[in-house]
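Working notes for the structure below.
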Amino acid sequence: MTAPVALVDCNNFYASCERVFQPALRGKPVVVLSNNDGCVIARSNEAKALGIEMGAPWLLHREKFERHGVIVRSSNYTLYGDMSARVMNILGRFTPDLEIYSIDEAFLGLGGFENRLETHAREMRRTVLQWTGIPVSVGIAATKTLAKVANRCAKKDPARNGVFEMLEAREIEGALSRMDLTDLWGVAGRMAARLGAIGIKTPLHLRDADPAFVRQRTNVVMQRMVMELRGVPCLALEDAVRDRKSIMASRSFGRPVTTLHELEEAVSSYAARAAEKMRRQSLACAHVGVFLETNRFRASDAQYNGSRGVRLPVASADTAKLAGAACRALRSIWKDGYRYKKAGVVLLDLVKTSTVQGDLWDSPDTPGNKRLMGAIDRLNAHYGRDTLAYAAAGHRKAWKLRRDHSSPRYTTCWEELLAV
DNA sequence: TCTGGGGTCCTAGGACCC
DNA sequence: TCTGGGGTCCTAGGACCC
């Protein structure tokens, strides 16, 4: 058998973070609101018990909240990010195989701890709580999908005290039998309906279905799910942090926006924010996307969704360039006469920048950076954009680069860059 | 007059290339 | 008269997750 996997999940993470810094909130219903205080994005157990739904619009439920003494907090992502880093840091002390899955969840490979899984998990839980004040739940199983199931049991069943080691067939069977399809990680309404139509109505049906049949009637993701439910790992633990494949900045507007000018301002600032995020990760992008949406909740409004991407000749992390590209894309999709609710900028085709290039974006005027940019511009003019994409930093066409690396065109290009 | 802001992966069709 | 086979890129959309 392969090594067991643990899923560690922070309980009601944002609400718990607020409580750490304001202990008076303990034992009380707490909700955290999205940007602009639009809707509920986190709830304490007490708030859940009041029937407050995830995503509930705050203004719509304001009176009910006040009646029940619900304590409301605007979100503070800087705080949550910091708390998350502390929790992950502690988890890293308990295994070398740590995959940070989201801001409040991590998968841990527990190879080598097989004979004391539960003890190890309890120790982990106790340490995180003691050092950060954040309560976590731990589910242990043979695969990631089953670890999710085990984690759910650990949370729901108070008798388990936050930890559930689910390795015996009887326990797996019992847990799955008490769940709906949509409780599974990776199955939501649409997929549950499709599965239902082919006779698969419960998690146990899915586990016992023929994988080839499931593949044929749905997709490869569901086929993997069948195997994962049987305890055969199909989703590897990814302990190396992967670079982002896209970076987005978007916002809903507080009131309908109708003019191109206002949208240009918004999109420019989103581009700047996204570019900042990108530079912090030492990335540059070769593709800038923009999208525009009207308010889909207002049936009386004419609806329009537009999106458009612009390809850059050279991967860049320069705010002015990206904002310029974003505004060009925006102008090509903007249509007069709509009431816009949301807009966003997406940076794609991300590439790791070298140290030199990393410095470049922040201090373009240094002699070395000027030389490098000069070389890239000359190459761009001389060879055309395909070749430039390689030269810039190993764009997603990188495989071509490997295949053709002996071609004179590529070699010249690369050597010229290296010579800078 | 209210309903977030990030992400990931998969599929499918058309353009284009050799 | 008939009409390959294999591949990439791009775009759009669907579905899901936290």
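Each chain gets a letter, A, B and so on, in the order the sequences are listed, and its residues count up from 1. Nothing here was measured: the structure is a model prediction, and the numbers come from that model.
- Comparing the same atom, C1', in dC16(B) and in dG4(C) gives a spacing of 16 Å after rounding to whole Å.
- Residue-level contact check: Ile103(A) touches neither bases nor backbone, having no heavy atom under 4.0 Å from any strand.
- Contact annotation for Leu235(A): no contact, since no heavy-atom pair falls under 4.0 Å across all strands.
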Evaluate Ile333(A) against Val290(A) for side chain to side chain contact (heavy atoms under 4.5 Å, CB included), listing each step before the verdict. CA-CA 9 Å; Ile333(A) 55 171; Val290(A) 169; 4.2 Å; yes
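- Heavy atoms of Ala249(A) sit under 4.0 angstrom from primed sugar atoms or phosphate atoms, though from no base atom.
- Between Gln281(A) atom CD and dG7(B) atom C1' the separation is 12 Å, expressed in whole Å.
- For residues 57-67 of chain A, the set of pairs meeting the salt bridge (charged side-chain N to carboxylate O under 4.0 Å, His left out) definition, not counting sequence neighbours, comprises Arg62(A)-Glu66(A).
- Each of Ser246(A) and Pro256(A) was assigned the nucleotide of DNA chain B with the nearest heavy atom; the assignment lying further toward the 5' end belongs to Pro256(A).
- Note on Gly38(A): only backbone sugar-phosphate atoms sit closer than 4.0 angstrom, heavy atoms only; bases stay farther off.
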For a quick test of your reading: what N or O donor-acceptor pairs under 3.5 Å do the side chains of residues 217-224 of chain A make, sequence neighbours left out?
unit_1: Thr218(A); atom_1: OG1; unit_2: Val214(A); atom_2: O; d: 2.7
unit_1: Asn219(A); atom_1: OD1; unit_2: Val221(A); atom_2: N; d: 3.0
unit_1: Asn219(A); atom_1: OD1; unit_2: Met222(A); atom_2: N; d: 3.0

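- Distance from the side chain of Arg273(A) is smallest for dG6(B) among the nucleotides dG6(B), dG4(B), dG7(B).
- Atom OH of Tyr14(A) sits about 9.0 Å away from atom OG of Ser84(A), to the nearest 0.5 Å.
- Closest-nucleotide positions on DNA chain B for Ile41(A) and Asp243(A) were compared, and the one nearer the 5' end corresponds to Ile41(A).
- Distance Glu293(A) CD to dG6(B) C1': 13 Å, rounded to the nearest Å.
- Between the Ser44(A) side chain and the Lys28(A) main chain, a donor and an acceptor come within less than 3.5 Å of each other.
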Once pairs are restricted to Watson-Crick or G-U wobble with both distances under 3.5 Å, how does DNA chain C read as a dot-bracket string, [ ] for crossings and | for other-strand pairs? ....||||||||||||||
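- Rounded to whole Å, atom C1' of dG4(B) lies 15 Å from atom CZ of Arg43(A).
- Contacts of Tyr101(A) with the nucleic acid, taken as non-hydrogen atoms under 4.0 Å apart, involve only primed sugar atoms and P, OP1 or OP2.
- For the P atoms, the distance from dT3(C) to dC17(B) is 24 Å, rounded to whole Å.
- Across all strands shown, Met248(A) has heavy atoms under 4.0 Å from base atoms, whether or not it also approaches the sugar-phosphate.
- Between dG5(B) and Lys277(A), no contact under 4.0 Å exists linking OP1 or OP2 to a side-chain N or O.
- Atom CD of Glu99(A) is separated from atom P of dC18(C) by 13 Å (rounded to the nearest Å).
- The CD-P distance, from Glu238(A) to dG7(B), rounds to 17 Å in whole Å.
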For nucleotides 9-17 of chain B, give me one character per nucleotide, 5' to 3': B if any protein heavy atom sits under 4.0 Å from the base, S if the only such contacts are to the sugar-phosphate, - if neither. SSS------
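- The phosphate of dT3(B) has neither OP1 nor OP2 within less than 4.0 Å of any side-chain N or O from Arg298(A).
- Within the structure, every pair that satisfies the salt bridge (charged side-chain N to carboxylate O under 4.0 Å, His left out) test and touches residues 82-92 of chain A, not counting sequence neighbours, is listed here: Asp82(A)-Arg86(A).
- Within 4.0 Å of Val187(A), counting heavy atoms only, lie sugar-phosphate atoms of the nucleic acid but no base atom.
- With a 6.0 Å radius and a threshold of 12 heavy atoms from other residues, nucleotides or ligands, Arg122(A) has its CZ atom above the threshold.
- Phosphate proximity of dT3(B) to Lys342(A): absent, as no side-chain N or O sits under 4.0 Å from OP1 or OP2.
- Applying the 5.5 angstrom centroid cut-off and the 30 degree plane-angle cut-off, the aromatic ring of Phe297(A) is stacked upon the base of dT3(B).
- Distance, Asn36(A) CG to dC2(B) P: 11 Å, rounded to whole Å.
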Side chains of residues 175-192 of chain A: which donor-acceptor pairs under 3.5 Å do they make with residues two or more places apart or in other chains?
unit_1: Ser177(A); atom_1: OG; unit_2: Glu173(A); atom_2: O; d: 3.3
unit_1: Ser177(A); atom_1: OG; unit_2: Gly174(A); atom_2: O; d: 2.7
unit_1: Arg178(A); atom_1: NH1; unit_2: Gly174(A); atom_2: O; d: 3.3
unit_1: Asp183(A); atom_1: OD2; unit_2: Arg152(A); atom_2: NH2; d: 3.2
unit_1: Asp183(A); atom_1: OD2; unit_2: Asp180(A); atom_2: N; d: 2.8
unit_1: Trp185(A); atom_1: NE1; unit_2: Tyr101(A); atom_2: OH; d: 3.4

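- Sorted by first and then second residue, the ring pair (Phe, Tyr, Trp, His ring centres under 6.0 Å) pairs involving residues 285-329 of chain A (not counting sequence neighbours) are Tyr304(A)-Tyr338(A).
- Looking at heavy-atom distances under 4.0 Å, Trp185(A) makes contact with sugar-phosphate atoms alone, never a base.
- In this structure, CE of Met225(A) is placed 14 Å from C1' of dT8(B), rounded to the nearest angstrom.
- The salt bridge (charged side-chain N to carboxylate O under 4.0 Å, His left out) contacts involving residues 332-346 of chain A comprise Asp301(A)-Arg339(A), where partners must be two or more places apart or lie in separate chains.
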Under 3.5 Å donor-acceptor pairs involving side-chain atoms of residues 48-56 of chain A, not counting sequence neighbours:
unit_1: Lys48(A); atom_1: NZ; unit_2: Asn12(A); atom_2: OD1; d: 2.7

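- Straight-line distance from the CE atom of Met54(A) to the C1' atom of dC18(C): 8 Å, rounded to whole Å.
- A sub-4.0 Å separation between OP1 or OP2 of dG5(B) and a side-chain N or O of Ser252(A) is present.
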